[in-house]
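All remarks here apply to the structure that follows.
These numbers come from the heavy atoms of this one structure, side chains and all, not from hydrogens, waters or symmetry mates.
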Amino acid sequence: MTSLEQLRAYSGEKPGSREDFPFDFDTLVFKVGGKLSACISVATGPLRVNLTCEPELAVLLRNQYEAITPG
């Protein structure tokens, strides 16, 4: 299982990565090159992550993996 610390470490090592809380204090946002790349819920409960993806790939991944749902 992936932890919040692992997601932060992975996202933070991308060149041009920046971490912020632009919406609220429960949603950690990573931007790469000024573009949103990940939103991570840091509120209590199960870890939830939204990642950017090409629309066609997103459909393919949702069809292939039950745990992947629309953001």
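- Note on Leu28: it clusters hydrophobically with Leu47, by side-chain heavy-atom contacts below 4.5 Å among ILVMFWY residues.
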Working for side chain to side chain contact (heavy atoms under 4.5 Å, CB included), residues Phe25 and Val42: CA-CA 8 Å; Phe25 293 111; Val42 295; over 6 Å; no
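- A donor-acceptor pair under 3.5 Å is formed between the side chain of Ser11 and the backbone N or O of Leu7.
- The list of salt bridge (Lys or Arg N to Asp or Glu O under 4.0 Å) pairs with a residue in residues 9-19, not counting sequence neighbours, reads Arg8-Glu19, Arg18-Asp20.
- Contacts classified as side chain to side chain donor-acceptor pair (under 3.5 Å) and involving residues 62-71 (residues at least two apart or in different chains) are not found.
- Under the 4.5 Å side-chain heavy-atom criterion for Ile, Leu, Val, Met, Phe, Trp and Tyr, Leu60 and Ile68 are members of the same hydrophobic cluster.
- Closest heavy-atom contact between Ser17 and Gly12: OG-CA, 3.8 Å.
- Separation of atoms SG (Cys39) and CZ (Phe23) is listed at 5.5 Å; rounding is to 0.5 Å.
- How far OG1 of Thr27 is from CD1 of Ile40: 10.0 Å, rounded to the nearest 0.5 Å.
- Considering every non-hydrogen atom in both Ala58 and Cys53, the closest pair reads N-SG, 3.6 Å.
- Phe30 and Leu51 fall within a single hydrophobic cluster, where Ile, Leu, Val, Met, Phe, Trp and Tyr are joined by side-chain heavy atoms under 4.5 Å apart, directly or via other members.
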Show your working on side chain to side chain contact (heavy atoms under 4.5 Å, CB included) between Thr52 and Leu36 and close with a plain yes or no. CA-CA 7 Å; Thr52 57; Leu36 189 137; 4.0 Å; yes
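- Identified under the side chain to side chain donor-acceptor pair (under 3.5 Å) test for residues 29-41, with sequence neighbours left out: none.
- Summarising the local packing, CZ of Phe21 is surrounded by more than 12 heavy atoms from other residues, nucleotides or ligands at distances under 6.0 Å.
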